Amino acid sequence: MESAEQVQQSVRSRRITAAMVAARAGVSTATVSLVANGKTAGRVSEDNIARVRDAISELGYVVDGIGSSLAKGVSSIVILVSPDISNPFFAKVIAGVRESLGADYQLLLSVTDAGEFPQAGDVRKLMALRPAGLLVGAPNAEFLEELSAAGPVVLLDAPGLEAYAPSVNLDVAHGAGELAGHLADAGHRQVAYVDSVTGTATFAIRREAFLDEAAAHGISVGPGHIIRTTIDVGASAAAFAAAWPAWQQAGVTAVVCCTDTHAYGVLQEARVAGVQIPGQLAIAGFDDLPYSATSNPSLTSVHLPATLLGLKAGGQLRRLMEGHQLEQPQLTLESSLVVRNSTSATAPS
């Protein structure tokens, strides 16, 4: 009989099957399946369980979960489609999704490079895995129409697209209004805006909501005072450096950024240029990432509950995957302004 070491050496170059385990343990493949999937109660003797487990350990057998689930017509995979995962905001969303799905589902990410939007064709290739459900973050209508996904789907941060599928959205306009009011109360009248190049609805909503509220508060954001970059500290720093001389000459005294990541770049370059914050220039962002409370100076930001967004979306999808009706297909989470030192020298740090 082969030693355990000889067995391990002989199987390194071959795929171990349930039949091989069954032959080694002296049982049927059905018994191996019951043991491997934890369904032995009342079906398999303790002696056979021990023999199968020993054989699995010796041979290094791994259950082909995807293969078996595909044979049943559906897998335990959940696909999360997300544009521009370079944004740290999405890490918190993913954590929330993962927590809500629990151990019963495998989370597979479909992501793109910075500044690019997912392609429906790429996602359709992943659909060949027959996922149990699909989560789509910050989509646009064209993507959803081209994708035409069957099965349970939930959208995240997809304002205006509620007709396509159940969704969990963020009330970005509320926080944007609070930010505009805060800047107006501080006396700012000429403001610039740093936007994302990613063409998703959420960034359009952030921009338009702030611009509308700014105008209502007597704040001007001229056409030349809006720039766009990828969600990257270095890119936003370089863009601000190029734009600042003209902005300063035009009397700009505040810069609002569509993400905190953009704002970190503006903060960095403003310090390099010797600009006093908030004395000469106030800076604010959206997302309220963890680093915003400890940046230098601490960053005023519109708080968007990223983890809760993932939790709620994952929970909605799980209910759909398990065959339940949604009591509220459309959910909206509140946003709020967190004032810190980048716009107010007396703000709490």
Side-chain angles (χ1 to χ4, degrees), residues 82-92 111-118 138 172 176 179-180 183 188-211 214 219-302 304 306 340-343:
S82 179
D84 204 352
I85 201 171
S86 60
N87 185 353
F89 180 83
F90 287 115
K92 299 176 70 177
V111 300
T112 62
D113 294 330
E116 295 185 9
F117 195 78
V172 179
L179 176 55
L183 294 177
H188 297 284
R189 293 296 177 265
Q190 294 291 331
V191 175
Y193 191 89
V194 181
D195 203 357
S196 171
V197 297
T198 305
T200 56
T202 182
F203 291 118
I205 290 292
R206 297 181 194 196
R207 181 183 65 252
E208 295 306 320
F210 176 76
L211 293 180
I219 294 174
S220 174
V221 183
H225 296 166
I226 299 177
I227 59 176
R228 293 173 172 82
T229 79
T230 55
I231 305 175
D232 178 78
V233 173
S236 63
F240 171 76
W244 175 239
W247 287 357
Q248 184 178 29
Q249 187 175 11
V252 169
T253 58
V255 176
V256 172
C257 302
C258 68
T259 73
D260 284 6
T261 302
H262 286 92
Y264 299 154
V266 175
L267 281 172
Q268 171 185 297
E269 190 58 35
R271 288 197 302 271
V272 170
V275 178
Q276 295 180 4
I277 306 169
Q280 291 177 267
L281 185 68
I283 301 171
F286 281 80
D287 290 342
D288 190 27
L289 299 177
Y291 294 128
S292 297
T294 57
S295 61
N296 183 24
S298 57
L299 179 68
T300 291
S301 184
V302 175
L304 302 177
R340 299 193 179 97
N341 292 331
S342 67
T343 61

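Computed from a predicted model, the values in this text were never measured in an experiment. Residue numbers run from 1 in the order of the sequence given.
The shortest distance between side-chain heavy atoms of Lys92 and Pro290 falls below 4.5 Å. Contact of the Phe90 side chain with the Ile231 side chain is not registered, since no non-hydrogen atoms from C-beta on lie closer than 4.5 Å. Between Phe210 and Val191, some side-chain heavy-atom pair lies under the 4.5 Å cut-off.
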Result block: side-chain N/O donor-acceptor pairs under 3.5 angstrom for residues 271-282, not counting sequence neighbours:
{"residue": "Arg271", "atom": "NH1", "partner": "Asn296", "partner atom": "O", "Å": "2.3"}
{"residue": "Gln280", "atom": "OE1", "partner": "Gln276", "partner atom": "N", "Å": "2.9"}

Just distance, no hydrogens or angles: give the donor-acceptor pairs under 3.5 Å from side chains in residues 248-260, sequence neighbours left out.
{"residue": "Thr253", "atom": "OG1", "partner": "His188", "partner atom": "ND1", "Å": "2.7"}
{"residue": "Thr259", "atom": "OG1", "partner": "Thr261", "partner atom": "N", "Å": "3.3"}
{"residue": "Thr259", "atom": "OG1", "partner": "His262", "partner atom": "N", "Å": "3.1"}
{"residue": "Thr259", "atom": "OG1", "partner": "His262", "partner atom": "ND1", "Å": "2.6"}
{"residue": "Asp260", "atom": "OD1", "partner": "Phe286", "partner atom": "N", "Å": "3.2"}
{"residue": "Asp260", "atom": "OD1", "partner": "Ser301", "partner atom": "OG", "Å": "2.7"}
{"residue": "Asp260", "atom": "OD2", "partner": "Asp288", "partner atom": "N", "Å": "2.9"}
{"residue": "Asp260", "atom": "OD2", "partner": "Leu289", "partner atom": "N", "Å": "2.8"}
{"residue": "Asp260", "atom": "OD2", "partner": "Ser292", "partner atom": "OG", "Å": "2.5"}
{"residue": "Asp260", "atom": "OD2", "partner": "Ser301", "partner atom": "OG", "Å": "3.2"}

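Sorted by first and then second residue, the pairs that involve residues 194-208 and meet salt bridge (Lys or Arg N to Asp or Glu O under 4.0 Å), not counting sequence neighbours, are Asp157-Arg206, Asp195-Arg207, Asp195-Arg228, Arg206-Asp287.
One N or O on the side chain of Ser236 and one on the backbone of Val233 form a donor-acceptor pair closer than 3.5 Å. With Ser342 contributing its side chain and Ile283 its backbone, the two residues share a donor-acceptor pair below 3.5 Å. Trp247 contributes a side-chain N or O that, together with a main-chain N or O of Gly224, makes up a donor-acceptor pair within less than 3.5 Å.
Of all the heavy atoms in Ala214 and Ala180, the pair that sits closest is N-CB, 3.7 Å. Shown here for Pro297 and Ser295, the closest heavy-atom pair between the two residues is O-OG, 2.7 Å. For the pair Arg340 and Ala293, the tightest heavy-atom approach, listed with the atom from each and the gap, is NE-CA, 3.6 Å.
Every side chain to side chain contact (heavy atoms under 4.5 Å, CB included) that Ile205 has, sequence neighbours left out, goes to Pro159, Val172. With sequence neighbours excluded, the residues satisfying ring-ring contact (aromatic ring centres under 6.0 Å, His included) with Phe240 are Trp244.
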